[in-house]
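Have a look at the structure below, then the notes.
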Amino acid sequence: MEARNSEMEMLRRDLQALTERVDALGVADRGGMDGGSAGGETAALAAGDEFWALTQLQSRLADHPATATGAVLLVGSATLPTGEAVAWQQSTGTEGLCEVSWEDRATVLAALAHPVRVELLRHVLGGIRATAELAAIESLGTTGQLHHHLRQLLAAGWLRRQGRGSYEVPAARIVPLLACMVAVER
């Protein structure tokens, strides 16, 4: 297990170095990478290099035993409506990923399967973090319903307490949450 953790850490460092090199080259125009433009175009698409991240990832797969059969990379950089900047990168080799049980992940995904919960997360990312302020938003239901949804999101790790009666989306969950929202676009 320790060897696997060491391998994953090495992969994370390699991918972080790659991200920094790409950023230094100015390949990605962050102002245009909101994923919300017509047809899902990004600045990379406009530059004619739509798979730059994939190309770089694939070029590094053979460099590490944990990624010999493939890897999944989740990366993002965004400025939230509050003005807070967030950047996150997470990766894993795909070796054995389809062979292990995914049951434990179902609860985490299920927490996002309710319209009020995703709306609640959107409001928290937008800066409305106090329970009293959230309770004032009619679309989030009654105070009892709000607390039920908060408990579900806390248990799944999509939210954490920021203080008494205040919540935040943990930094490590912001990009995965936004990626989920992009992934379900049609």
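This one's a predicted model, so the numbers in the text were calculated from it and none came from an experiment. Values reported hereafter were calculated over all heavy atoms of this structure, with side chains retained and with hydrogens, waters and symmetry mates removed.
Between Gln90 and Pro176, the shortest heavy-atom contact is OE1-CG, 4.0 Å. Of all heavy-atom pairs spanning Thr107 and Ala156, the tightest one is O-CB, 4.3 Å. The two atoms that bring Ser139 and Val116 nearest to each other are O-CG2, 3.9 Å, heavy atoms only. Annotation for Trp158 and Pro170: closest pair O-CD, 3.4 Å, computed over non-hydrogen atoms. Scanning all heavy atoms of the two residues, the minimum distance from Ala171 to Val86 falls at O-CG2, 4.2 Å. Scanning all heavy atoms of the two residues, the minimum distance from Gln145 to Gly141 falls at OE1-CA, 3.2 Å.
A distance of 11.0 Å separates CG of Leu178 from OG of Ser77, quoted to the nearest 0.5 Å.
No path of Ile, Leu, Val, Met, Phe, Trp and Tyr side chains, each step under 4.5 Å between heavy atoms, connects Val175 with Leu57, placing them in separate hydrophobic clusters. Taken together through direct or relayed side-chain contacts under 4.5 Å among Ile, Leu, Val, Met, Phe, Trp and Tyr, Leu74 and Leu80 form parts of separate hydrophobic clusters. Follow the hydrophobic side-chain contacts under 4.5 Å out from Leu153 and you reach Ile128 in the same cluster. Linking Ile, Leu, Val, Met, Phe, Trp and Tyr residues whenever their side-chain heavy atoms come within less than 4.5 Å leaves Val108 and Leu97 in two separate clusters. The same ILVMFWY cluster, assembled from side-chain heavy atoms under 4.5 Å apart, contains both Met181 and Leu120.
The closest side-chain heavy-atom distance from Leu112 to Leu121 is below 4.5 Å. Gln58 is not listed as a side-chain neighbour of Thr67, based on a closest heavy-atom distance of 4.5 Å or more. Using a 4.5 Å heavy-atom threshold, the side chains of Thr82 and Leu125 count as separate.
Arg160 places no side-chain N or O within donor-acceptor distance of the main-chain N or O of Val169, the cut-off being under 3.5 Å. Within the 3.5 Å criterion, the main-chain N or O of Glu168 finds no donor-acceptor partner in the side chain of Arg129. Of the possible donor and acceptor atoms, one in the side chain of Thr55 sits under 3.5 Å from a partner among the backbone N and O of Phe51.
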Inset, instruction - Decide side-chain contact (heavy atoms from CB on, under 4.5 Å) for Ile137 and Leu146; before the verdict, give the C-alpha distance in whole Å, the side-chain angles of both, and the deciding distance to 0.1 Å. - result: CA-CA 10 Å; Ile137 301 170; Leu146 174 63; over 6 Å; no

Inset, instruction - Could you please spell out the steps behind the side-chain contact (heavy atoms from CB on, under 4.5 Å) verdict for His147 and Arg151? - result: CA-CA 6 Å; His147 284 285; Arg151 280 192 303 275; 3.7 Å; yes

Legend entry - Audit row: Val124, Leu134, side-chain contact (heavy atoms from CB on, under 4.5 Å) steps and yes/no: CA-CA 8 Å; Val124 172; Leu134 292 166; 4.3 Å; yes

Inset, instruction - For Gln89 and Leu73, run side-chain contact (heavy atoms from CB on, under 4.5 Å): C-alpha distance rounded to whole Å, both residues' side-chain angles, the deciding distance at 0.1 Å, then the answer. - result: CA-CA 7 Å; Gln89 180 173 304; Leu73 174 64; 3.7 Å; yes

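There is a side-chain donor-acceptor pair under 3.5 Å between Tyr167 and Arg161. No side-chain N or O of Glu50 forms a donor-acceptor pair with one of Trp52 less than 3.5 Å apart. No hydrogens or angles considered: a donor-acceptor pair under 3.5 Å links the side chains of Glu119 and His123.
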